[in-house]
Enquirer: 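Before anything else, here's the structure in question.
When a ligand or atom number is given, it counts from 1 through the structure's own listing order. Position 1 is the first residue of the sequence; numbering continues from there.
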Amino acid sequence: MQSYKILHTFLILIFYFYNLVLCGNPSDDDAYTKLFKHDPQDLIRKRYFRIEPEETSFTLNVKPLDYPDKCELKQLHLLTRHGSRYPDPTDIRAFDRLEKIFENVSVAKEWYKNPFPMERNFQLIPRGEMEPYFDGKQSVLRYDKFWKDVKKTRYDPEVVKFQAGANSRCAASAMAFSEGVFNGDGPLDSCKNQPVYIMSIPQNEDNVLEQYNNCKLLTETVFNNNPIYNEQNYTYGNTTLAPIAKRMSEDYGIYPPLNPYLVPYIFHHCEFWVLHFNRADTWCSLLSELDIKKLRYYWDMTDYHLYEYGSPLNEQTGCVYYTQLVSGVESYLNGSSRMVADLKNGHSHGMLMVLTTLGVHKNPFPLTANLTLSQIDEIKYSEAKTIYWSSTIYFEIYTCSDNEDKEKSTKIRLVLNFEPLLIPGCESEYCEWSTFKKVLGDKIGCDFNKLCGNP
Ligand SMILES: *[C@@H]1O[C@H](CO)[C@@H](O)[C@H](O)[C@H]1NC(C)=O
Ligand SMILES: *[C@@H]1O[C@H](CO)[C@@H](O)[C@H](O)[C@H]1NC(C)=O
Ligand SMILES: *[C@@H]1O[C@H](CO)[C@@H](O)[C@H](O)[C@H]1NC(C)=O
Ligand SMILES: *[C@@H]1O[C@H](CO)[C@@H](O)[C@H](O)[C@H]1NC(C)=O
Ligand SMILES: *[C@@H]1O[C@H](CO)[C@@H](O)[C@H](O)[C@H]1NC(C)=O
């Protein structure tokens, strides 16, 4: 009896150590840990990625909009991001480098090869086609009365305008959105599809959706030769990326040691494996949850410096968007235009600049290399949390009968993924039109080429 008990305890102990060695324990300083276990859907839900959780991206349980009794929704301006996609060329090149570096790493032997071919870079994936389709359906549910009124007459390209960045992912997303709005109302085939006109401006002239590509000053002083960002990048490299790279090099026998600046691309690789294959047991398994949080932040810090408040120029670079918005609203109100819906499909970088130009979407502290982990947790506005693939920004235009004065009876409200944002300088989320224009000041009617020092 006694010996049985000892044997039993002994076996339990063996079992315990066996587990510790083979399965690891997902904590950062556990010497036995070589791989980390994650549930891909859990990582999505925690908002580490640019992927919107299915609960919101594919729901049709959307409540109709509620707004003050005396007001009527007159016009909608949508600025949305294309759906989820293949990696960009920079990511794919980094994944190719990682493939070579990890070719003899035993834990990676099943998956070290890069499955994302360069010829597919930036293209939508099926999920990325579904997301904007559902955004269209959600728009109809959310703005139900508005769309019912619009649909009283047959589709009219002067009334509902679609615009997309001049590339496949934006234009295909705009088309999917239009199907979400109009399928069933048109003349085509058994599904009664409606063909729509989607307008694009050549990339080098599109200062509304792709302005970040067309601004000389931005390229020369913000994207390149940016001493403020370079210092943050350098500091973060030394304090945060280098220790992760060192640990990986030691754990997996990588020689020469892994370049710390490749580690953020391991995170992107992890994200794309989750997006495309629902798998967190490949590149994600090299990262602890804490690593994932820190690497997500590397990209947020970069966005902050290049596309948001880290560069004062970005408080101007959304000005052409607002110039068009203001003219679109006023032309409708004075009867010279019939457009009631202006639906634009663009990119995260342009959207970040548009938000920065209005002074919204600002975290309470600058996103520098020395943030504490608890500050990182407090970040509310970031590409992963708010400007993910297929995220939506709507400007809603109301006229209200509570005031005789036309400027005062017109109100504008900004909603980001259907959450209202307060515009600094406005009295409430329903902002008087004249106040909104005052907030923007001479950004309305800006001379983009002059601002950017373009030839
Ligand atoms: C992997 O092993 C092969 C065969 O030994 C060798 O030729 C190659 O250089 C190794 N690659 C790396 C990145 O170490
Ligand atoms: C950060 O610095 C590294 C090393 O100089 C560089 O390779 C990398 O491109 C920089 N990151 C960005 C986003 O510019
Ligand atoms: C900081 O990082 C650079 C490379 O990014 C490296 O040359 C330098 O030795 C590092 N400094 C420290 C103190 O780790
Ligand atoms: C209507 O407003 C637009 C935009 O502000 C302006 O360009 C146009 O001249 C106005 N038309 C009339 C008839 O007032
Ligand atoms: C963090 O870094 C920023 C920019 O380099 C600096 O202004 C700030 O004082 C630093 N904060 C702390 C707590 O060190």
Side-chain angles (χ1 to χ4, degrees), residues 74-75 77 87-109 112-114 158 161 212 218-242 244-245 248-249 252-268 294-308 310-311 320 322-340 342 348-349 352 367-369 382-383 397 399 406-407 410 412 433-434 436-437 440 442-446:
K74 290 288 189 185
Q75 218 184 23
H77 295 255
D88 65 38
T90 310
D91 277 343
I92 294 175
R93 275 189 291 273
F95 300 167
D96 286 342
R97 280 174 70 193
L98 288 169
E99 173 177 316
K100 293 212 177 71
I101 294 166
F102 279 78
E103 69 179 343
N104 298 331
V105 168
S106 61
V107 298
K109 67 173 182 297
Y112 73 91
K113 286 203 165 134
N114 176 13
E158 294 300 319
K161 290 198 176 179
Y212 54 90
L218 200 55
T219 307
E220 287 179 355
T221 65
V222 176
F223 300 160
N224 299 305
N225 318 311
N226 180 336
I228 296 173
Y229 173 68
N230 290 351
E231 190 189 327
Q232 302 300 316
N233 186 18
Y234 179 83
T235 304
Y236 206 71
N238 277 350
T239 59
T240 308
L241 305 180
I244 300 174
M248 286 184 179
S249 301
Y252 312 129
I254 296 169
Y255 195 85
L258 192 61
N259 178 343
Y261 290 98
L262 269 176
V263 177
Y265 293 95
I266 292 181
F267 167 75
H268 270 177
K294 290 171 176 174
L295 296 171
R296 170 71 258 160
Y297 181 66
Y298 176 78
W299 295 113
D300 294 340
M301 182 185 84
T302 300
D303 283 344
Y304 171 82
H305 285 90
L306 306 190
Y307 308 106
E308 302 175 84
S311 143
V320 182
Y322 291 108
T323 303
Q324 238 190 38
L325 175 88
V326 167
S327 144
V329 172
E330 297 195 338
S331 302
Y332 176 75
L333 294 178
N334 74 14
S336 63
S337 144
R338 290 185 292 130
M339 181 187 74
V340 299
D342 181 7
S348 63
H349 293 164
L352 292 173
L367 304 193
T368 48
S382 67
E383 199 191 358
I397 309 296
T399 56
K406 199 162 191 179
E407 291 269 312
T410 303
I412 181 167
W433 184 242
S434 52
F436 178 74
K437 287 204 295 180
L440 284 166
D442 59 9
K443 293 171 192 174
I444 304 168
C446 67

Enquirer: Please check atom 5 (O) of ligand 1 for a protein heavy-atom neighbour under 4.0 Å.
Expert: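 For atom 5 (O) of ligand 1 the answer is no, since every protein heavy atom stays at 4.0 Å or beyond.
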
Enquirer: Heavy-atom distance to atom 14 (O) of ligand 2: which of Tyr261, Tyr236, Tyr229 wins?
Expert: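 That would be Tyr229.
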
Enquirer: With a 4.5 Å heavy-atom cut-off, do Leu306 and Ser311 have their side chains touching?
Expert: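 SC-SC contact between Leu306 and Ser311 ruled out.
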
Enquirer: For ligand 4, which atoms sit closer than 4.0 Å to a heavy atom of Glu330?
Expert: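 Heavy-atom distances to Glu330 below 4.0 Å select 2 (O), 5 (O).
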
Enquirer: Select the closest option to atom 8 (C) of ligand 2 among Leu241, Leu306, Asn233, Asp303, judged by heavy-atom distance.
Expert: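 Considering heavy atoms of Leu241, Leu306, Asn233, Asp303, the nearest to atom 8 (C) of ligand 2 sits in Asn233.
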
Enquirer: What atoms of ligand 4 come within less than 4.0 Å of a heavy atom belonging to Ser336?
Expert: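 Answer, ordered by atom number: 1 (C).
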
Enquirer: Taking the side chain as everything from C-beta on, heavy atoms only, tell me whether Lys443 gets closer than 4.5 Å to Tyr322.
Expert: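 Counting from C-beta outward, Lys443 and Tyr322 never come under 4.5 Å.
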
Enquirer: Measuring from non-hydrogen atoms of Tyr298 to any atom of ligand 2, is the shortest distance under 4.0 Å?
Expert: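 True for this residue.
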
Enquirer: Using a strict 4.0 Å cut-off to heavy atoms of Asn104, name the atoms of ligand 1 that fall inside it.
Expert: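 The list of qualifying atoms is 1 (C), 2 (O), 3 (C), 8 (C), 10 (C), 11 (N), 12 (C), 14 (O).
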
Enquirer: Please tell me if atom 2 (O) of ligand 4 is touched by the protein, where touching means a protein heavy-atom distance below 4.0 Å.
Expert: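 For atom 2 (O) of ligand 4 the answer is yes, since some protein heavy atom falls inside 4.0 Å.
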
Enquirer: Nearest to atom 13 (C) of ligand 1, what protein heavy atom do you find, and at what distance?
Expert: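 Going by distance alone, atom 13 (C) of ligand 1 is nearest to Lys100 O, 3.3 Å.
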
Enquirer: Consider every N or O of Asn334 and every N or O of ligand 4, then say whether any pair is closer than 3.5 Å.
Expert: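 It does: an N or O of Asn334 is found under 3.5 Å from an N or O of ligand 4.
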
Enquirer: Could you find the nearest protein heavy atom to atom 7 (O) of ligand 4 and give me its residue, atom name and distance?
Expert: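 Result for atom 7 (O) of ligand 4: Ser331 OG, 4.9 Å.
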
Enquirer: So, 4.0 Å and heavy atoms of Tyr234: is ligand 2 close enough to count as a contact?
Expert: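 For ligand 2, residue contact (heavy atoms, under 4.0 Å) with Tyr234 is absent.
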
Enquirer: Give the ring-plane orientation class for Tyr307 versus Phe223, where under 30° counts as parallel, over 60° as perpendicular and anything between as tilted.
Expert: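 If you compare the ring of Tyr307 with that of Phe223, the planes turn out tilted.
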
Enquirer: Check the surroundings of atom CG in Asp442: do more than 12 heavy atoms from other residues, nucleotides or ligands lie under 6.0 Å from it?
Expert: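 No, CG of Asp442 has 12 or fewer neighbouring heavy atoms, counting only those of other groups under 6.0 Å.
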
Enquirer: Could you tell me whether some N/O pair between Thr302 and ligand 2 is separated by less than 3.5 angstrom?
Expert: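 Between Thr302 and ligand 2 (N or O atoms, distance only) the closest approach is not under 3.5 Å.
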
Enquirer: Should the pair Trp433 and Phe436 be assigned to parallel (<30°), tilted (30 to 60°) or perpendicular (>60°) ring geometry?
Expert: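 Geometry flag for Phe436 against Trp433: parallel rings.
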
Enquirer: Examine Glu103 against ligand 1 and note whether any of their N/O atoms are separated by less than 3.5 Å.
Expert: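 So ligand 1 has an N or O lying under 3.5 Å from an N or O of Glu103.
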
Enquirer: Which atom pair, heavy atoms only, marks the closest approach of Gly237 to Tyr261?
Expert: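 That closest heavy-atom pairing would be CA-OH, 3.5 Å.
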
Enquirer: Could you tell me whether a side-chain N or O of Gln75 sits under 3.5 Å from a main-chain N or O of Gly328, the two making a donor and an acceptor?
Expert: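 Answer holds: yes.
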
Enquirer: When rounded to the nearest 0.5 angstrom, what is the spacing between CG in Leu367 and NE2 in His305?
Expert: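 The NE2 atom of His305 is 7.5 Å from CG of Leu367, to the nearest 0.5 Å.
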
Enquirer: Working to the nearest 0.5 Å, report the span between CG of Leu295 and OH of Tyr298.
Expert: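 Those atoms lie 10.0 Å apart.
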
Enquirer: Does a side-chain heavy-atom distance below 4.5 Å link Ile92 with Asp96?
Expert: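 Counting from C-beta outward, Ile92 and Asp96 do come under 4.5 Å.
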
Enquirer: Can you find a protein heavy atom under 4.0 Å from atom 10 (C) of ligand 1?
Expert: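 So atom 10 (C) of ligand 1 has protein heavy-atom neighbours under 4.0 Å.
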
